[in-house]
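Predicted model, so just to flag it, every value in this text is computed and none were measured. Labels below follow one simple rule: chain letters A, B, ... track the order of the sequence lines, proteins then strands, and each chain is numbered from 1.
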Protein chains: 2
Amino acid sequence: MDLSPTAYVILGMVSSEPRSGYEIKAAVDNSVRIFWAASYGQIYPELKRLSEAGLVEGSDVPRGERKRTVYAITEDGEAELVAWLRQPPETAEMREEGLLKLFFSGLLPPEEAATTLRSMRAHRLELVARLREMESEASKKGPFSLMVLQGGIEYNEWFADWCERMETRLLGPAWPPERSK
Amino acid sequence: MDLSPTAYVILGMVSSEPRSGYEIKAAVDNSVRIFWAASYGQIYPELKRLSEAGLVEGSDVPRGERKRTVYAITEDGEAELVAWLRQPPETAEMREEGLLKLFFSGLLPPEEAATTLRSMRAHRLELVARLREMESEASKKGPFSLMVLQGGIEYNEWFADWCERMETRLLGPAWPPERSK
DNA sequence: CGTAACATGTAACGCGTTACATGATTGG
DNA sequence: CCAATCATGTAACGCGTTACATGTTACG
């Protein structure tokens, strides 16, 4: 059975406790979103598919008058999830418009290329701040949750630092460097 | 005028010298691909659109009997490209299946979670090796080309190192850590 | 002589986002 | 009472990949 990666996110999110579509989205948003996002447009249809495939099971658990369906993982679902966890990861991609701009920045004076680096740095620092706020929450959820979050923090700090170093280089007297044959 | 980011990649790639669709693809593949890919399925139709919009201009430059159209950037195209370069970058995303697996690795014994980290590390190290081979080429193309490539190398090295550290932590005696209330 | 590289394109498909629609409940 | 949050869904759209189709040329 071949599921989309997003299906596994959902499976993972309901593996610890039953959750509604809405709650799955919220859980994704404050944990894995930095390296794997999911929108309602994916979650609800996927939940239906997973339910038909018998990997999750929905039950009506209204809160007051407001109807609400929470999904729990089934045994088949957990087997599927664990099998996926054991496979070596495949997808690993990145889209960084800032680096793209930097790459073509020979068309601009160095000060303007430096502006791009400053934007990138500011963006990364904001992210770090937001992630730091989530740290205590994550530590309650378990060691892997915290590990991954701290990885995200470290990564963004590294990136911010790199931007700073490149900016310094760009504005220093040795720029642009001579190209040696 | 609002173009897709990929349109700007193309514009950037023909800004220094006229190139065919095939050459654009090749240029992307050995420079920005690590953080921004492009396939023929995008390049050729986009080239047609850019041509109709007057941002690039194609001319037939056959090599022998083999027909070949190279595209050069126009003044409008360059203005458009430079205007884009001056805007702060927007898109910055990442999809890391490995981190996703790690996040859910509470369902596995620590040794198996460590396997995921080892795969991730191996993948990053391979990438570093491939990027290092491109270094001398990139230095000929200009300082920004080299800067961005070295950034990619440093990033992947950081990532590989992080994986190693996390693996050590995972296999150490202090795992799983107690969660303090 | 065969295969890798050069060269151009398109159609189908998959995945994901955005925007929209609808309505209940909670808290200030 | 109003806004935010809870809750569920869908339709349209955009972007990008994969696979296919076709043919040439250089090189070993």
Using a heavy-atom cut-off of 4.0 Å across all strands, would you classify B:Lys25 as base, sugar-phosphate, or nothing? nothing
Between B:Lys101 (side chain only) and A:Gln87 (backbone N and O only), is there a donor and an acceptor less than 3.5 Å apart? yes
Touch class at under 4.0 angstrom, heavy-atom based, for B:Gln42 against every strand present: base
From the set D:dC15, D:dT10, C:dT8, return the single nucleotide nearest to any side-chain atom of B:Ser4. D:dC15
Indicate whether OP1 or OP2 belonging to C:dC15 is found under 4.0 Å from a side-chain N or O atom of A:Thr6. no
For the pair made of OH in B:Tyr40 and P in C:dC6, what is the distance, rounded to whole Å? 9 Å
5′-ward residue of the pair B:Val70/A:Arg66 relative to DNA chain C: B:Val70
Just the rounded figure in Å: distance from C1' of C:dG14 to CD of A:Glu46. 12 Å
Atom CG of B:Asp60 and atom C1' of C:dA7: how far apart are they, to the nearest Å? 12 Å
Take atom CD1 of B:Ile43 and atom P of C:dG9, then tell me their distance rounded to the nearest Å. 12 Å
B:Glu23 CD to C:dG9 C1', straight-line distance once rounded to whole Å: 16 Å
Figure out the CD/P separation between A:Glu93 and D:dC15, and round it to whole Å. 16 Å
Between atom OH in A:Tyr71 and atom P in D:dA7, what is the gap in whole Å? 13 Å
Would you say the ring centroid of A:Trp175 lies under 6.0 angstrom from that of B:Phe144? yes
Taking any heavy-atom pair under 4.0 Å as a contact, classify B:Ser39: base, sugar-phosphate, or nothing. base
Any idea which of D:dG16, C:dA7, D:dT8 is nearest the B:Tyr22 side chain? C:dA7
When you compare the side chains of A:Thr6 and A:Gln42, does any donor N or O come within less than 3.5 Å of an acceptor on the partner? yes
What is the separation between atom CG on B:Leu3 and atom P on D:dG16, rounded to the nearest whole Å? 12 Å
I want to check one thing: is the phosphate of C:dC6, taken as OP1 and OP2, less than 4.0 Å away from some side-chain N or O of B:Arg68? no
Report yes if a side-chain nitrogen or oxygen of A:Ser20 is closer than 4.0 Å to either non-bridging phosphate oxygen (OP1 or OP2) of D:dT8; otherwise report no. yes
Heavy-atom nearest nucleotide on DNA chain C for A:Ala37 versus A:Gly64: which residue maps closer to 5'? A:Ala37
Run the side-chain hydrogen bond (donor to acceptor under 3.5 Å, both in side chains) test on A:Tyr8 and A:Glu80 for me, step by step, so that the C-alpha distance in whole Å, both residues' side-chain angles and the decisive distance to 0.1 Å come before the verdict. CA-CA 9 Å; A:Tyr8 292 106; A:Glu80 186 68 37; 3.1 Å; yes
Hey, are the side chains of A:Tyr71 and A:Glu23 touching, using non-hydrogen atoms and a 4.5 Å cut-off? no
With a 4.0 Å cut-off on heavy atoms, is B:Arg95 in touch with a base, just the backbone sugar-phosphate, or nothing at all? sugar-phosphate
Specify the residue among A:Gly41 and A:Lys67 whose closest nucleotide of DNA chain D lies further upstream toward the 5′ end. A:Lys67
